[in-house]
Asks: 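Starting off with a structure, shown below.
Order of listing sets the numbers, starting from 1, for every ligand and every atom in it.
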Amino acid sequence: MEAEKVHCLIIGSGPAGYTAAIYAARANMKPVLYQGIQPGGQLTITTEVENYPGYPDGIQGPEMMVHFEKQAARMGADIRYGLATKVDFSGTKHKVWIDEEKLIEADAVIISTGASAKWLGLESEQRLNGYGVSACAVCDGFFFRGKEVAIVGAGDTAAEEALYLSKLCTKVHMLIRRDEMRASKVMQERVKATANIQIYWNTDTLEILGENKVDGMRIRNNQSGEESVIPVQGFFVAIGHQPNSAIFKDYITMDEAGYIQTIPGTSKTNVAGVFAAGDVQDKHYRQAVTAAGSGCMAALDAERYLSANGFL
Ligand code: NDP
């Protein structure tokens, strides 16, 4: 397979990837960015963003990512649709396969592949995904207005999404596997004070019921062992995220959850010339603005690497 040679390859198109592309393009590194399966990343499945500086009136997440992409393109980044499916970081040229067919050989690689929603792992959850099962209340809640839904999870995301759903749906059944919530106190209080959110403590989901649409769920109290079937039309999963780092695991040092480890204060990974930015290496902050900041760091680190090694 004939490889395409590039100076700076950026994998992923969230705030980290596009910011890296803006900086790399302006530094004449001729960056090529592959967008992955969800161009724009997680912000494309949110609504209002109120905490990104520079937007005094807030902005819709998908629109903001269009702005990021346009800015990167205007600076000269080569933005392409495609998914990195395999890598070989054993040599000085870093090999990355796109969609299992195209091979890129890059002097420097910036990994900004983000994180994805976690699932419970039930067969019924997979079968009904998109047919009443969703991991994004903000994206899909609208389809369940005036109906009863369930949400599983007890973190800030679950609390936020339960509150969001409570405004659209007649009732929200919130399934929590322990006897306490992990969410911040203020969010817990809001959830508990909402009349149409019913909390089920110590509760596991055994099965989501329905053929081509969700019509109920079978749950069990993990203290008493008591099982019950509750009719719902939508089932939302909000149990956290996992970093999209699987294809790098043979080469890049990660923690036990799969977050890429960078040298503190830099975007450098354990492989020279490979840098990481955004949620794939950040389990603490996970904000658009911190991701963008780390994308800038990765482009500056990559530029120094390319110059120091005579690639630029
Ligand atoms: P978290 O990891 O904080 O919470 C995940 C929740 O899902 C936990 O309550 C966990 O239960 C539960 N869970 C995990 N696996 C299962 C399972 N198999 N079955 C049932 N329940 C399960 O993820 P979040 O996405 O909520 O939050 C991520 C980060 O983002 C946090 O730091 C959060 O504070 C932050 N955030 C902040 C917001 C804000 O400030 N507005 C909004 C949203 C997120 P258990 O507690 O038992 O482990």
Side-chain angles (χ1 to χ4, degrees), residues 14-16 38 41-53 58-59 61 64 114-126 128-129 133-141 149-167 172-192 194 197-208 217-223 227-228 230 232 235-245 255-259 278-291 294:
Q38 190 177 22
Q42 292 181 80
L43 277 163
T44 59
I45 54 168
T46 57
T47 50
E48 187 88 2
V49 179
E50 291 185 326
N51 53 9
Y52 198 90
I59 181 157
M64 184 163 98
S116 302
K118 280 190 193 162
W119 298 95
L120 295 171
L122 300 171
E123 181 278 329
S124 50
E125 170 190 57
Q126 209 178 350
L128 291 164
N129 194 340
V133 172
S134 164
C136 179
V138 172
C139 324
D140 299 326
V149 297
I151 184 161
V152 54
D156 279 319
T157 304
E160 206 171 74
E161 298 205 337
L163 291 166
Y164 179 84
L165 291 167
S166 72
K167 298 188 187 100
V172 179
H173 303 264
M174 188 170 191
L175 313 178
I176 294 177
R177 66 178 175 182
R178 292 186 293 137
D179 59 359
E180 60 178 344
M181 288 178 77
R182 182 187 292 268
S184 53
K185 210 158 190 310
V186 56
M187 293 303 279
Q188 291 192 31
E189 278 162 13
R190 276 189 213 165
V191 166
K192 288 174 188 165
T194 304
I197 299 179
Q198 181 175 349
I199 296 180
Y200 298 69
W201 301 105
N202 299 307
T203 297
D204 297 326
T205 310
L206 299 179
E207 191 184 357
I208 304 162
M217 60 186 177
R218 198 156 56 82
I219 57 175
R220 179 176 55 205
N221 183 299
N222 56 35
Q223 301 295 302
E227 288 187 19
S228 41
I230 294 171
V232 287
F235 189 94
F236 291 88
V237 180
I239 59 170
H241 289 81
Q242 65 196 15
N244 299 319
S245 60
D255 70 8
E256 66 293 340
Y259 286 93
D279 284 10
V280 73
Q281 55 83 55
D282 173 18
K283 64 177 167 193
H284 296 295
Y285 303 107
R286 296 192 265 214
Q287 299 300 301
V289 68
T290 51
S294 70

Asks: What protein heavy atom sits nearest atom 46 (O) of ligand 1, and how far away is it?
Replies: Arg178 NH2, 2.8 Å
Asks: My question is simple, although I want it checked carefully: is atom 40 (O) of ligand 1 less than 4.0 angstrom from any protein heavy atom?
Replies: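 Not a single protein heavy atom is under 4.0 Å away.
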Asks: Does any non-hydrogen side-chain atom of Leu120 lie less than 4.5 Å from one of Thr205?
Replies: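 SC-SC contact between Thr205 and Leu120 confirmed.
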Asks: Measure the distance from atom 7 (O) of ligand 1 to every protein heavy atom, then report the residue, atom name and distance (to 0.1 Å) of the closest one.
Replies: Ile239 CA, 3.2 Å
Asks: Decide if atom CD of Gln126 counts as having more than 12 heavy atoms of other residues, nucleotides or ligands within a radius under 6.0 Å.
Replies: no
Asks: List every atom of ligand 1 that sits less than 4.0 Å from any heavy atom of Gly155, numbering the atoms from 1 in the order shown and giving each element.
Replies: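 With Gly155 as reference, the close atoms of ligand 1 come out as 4 (O), 6 (C), 9 (O), 26 (O).
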Asks: Considering all heavy atoms of both residues, which atom of Ser166 and which atom of Ile197 are nearest to each other, and what is their separation?
Replies: CB-CG1, 3.9 Å
Asks: To which protein heavy atom is atom 23 (O) of ligand 1 closest, and what is the distance rounded to 0.1 Å?
Replies: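 Here the nearest protein heavy atom works out to Gly240 CA, 3.6 Å.
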Asks: Could you go through Val289 and Asn51, starting from their C-alpha distance and side-chain angles, then the distance that decides it, and tell me whether this counts as side-chain contact (heavy atoms from CB on, under 4.5 Å)?
Replies: CA-CA 8 Å; Val289 68; Asn51 53 9; over 6 Å; no
Asks: Of the listed options (Arg182, Gln287, Arg177, His284), which comes nearest to atom 4 (O) of ligand 1 when hydrogens are ignored and any heavy atom counts?
Replies: Arg182
Asks: What I want to find out is whether Arg182 reaches Asp156 closely enough, with some N-O distance under 4.0 Å, to be called a salt bridge.
Replies: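 No.
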Asks: To which protein heavy atom is atom 28 (C) of ligand 1 closest, and what is the distance rounded to 0.1 Å?
Replies: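 Residue, atom and distance for the closest contact: Arg286 NH2, 3.3 Å.
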Asks: Could you tell me if the side chain of Phe235 sits less than 4.5 Å from the side chain of Ile151, heavy atoms only?
Replies: no
Asks: Report, in ascending order of atom number, the atoms of ligand 1 lying under 4.0 Å from any heavy atom of Leu120.
Replies: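 Listed by number with element: 17 (C), 18 (N), 19 (N).
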Asks: Considering non-hydrogen atoms only, spot the tightest contact between Gly153 and Met174 and give its length.
Replies: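 The answer is O-CE, 3.5 Å.
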Asks: Between the side chain of Asp279 and the main-chain N/O of Pro243, is any donor-acceptor distance below 3.5 Å?
Replies: no
Asks: When you compare ligand 1 with Thr157, is there at least one nitrogen or oxygen pair between them that comes in under 3.5 angstrom?
Replies: yes
Asks: Which of the numbered atoms in ligand 1 are below 4.0 angstrom from a heavy atom of Val152?
Replies: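 Going through ligand 1 atom by atom, the ones under 4.0 Å from Val152 are 20 (C).
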Asks: Quick one: look at Met181 and ligand 1, take heavy-atom pairs under 4.0 Å, and tell me if it's side chain, backbone, both or neither.
Replies: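 Within the 4.0 Å criterion, Met181 makes no contact with ligand 1.
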Asks: Just to be sure I read this right, does ligand 1 sit under 4.0 Å from the backbone of Thr205, its side chain, both, or neither, counting only heavy atoms?
Replies: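 Looking at Thr205 and ligand 1, no heavy atom falls under 4.0 Å.
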Asks: When you measure from the side chain of Glu125 to the backbone N and O of Gly121, does any donor-acceptor pair fall under 3.5 Å?
Replies: yes
Asks: How far is atom 38 (C) of ligand 1 from the closest protein heavy atom, and which atom is that?
Replies: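 Ranking protein heavy atoms by distance from atom 38 (C) of ligand 1, first comes Asp156 CB, 3.7 Å.
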Asks: Among all protein heavy atoms in this structure, tell me which lies nearest to atom 42 (C) of ligand 1, with the distance rounded to 0.1 Å.
Replies: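 Heavy-atom neighbour on the protein nearest atom 42 (C) of ligand 1: Glu160 OE2, 3.4 Å.
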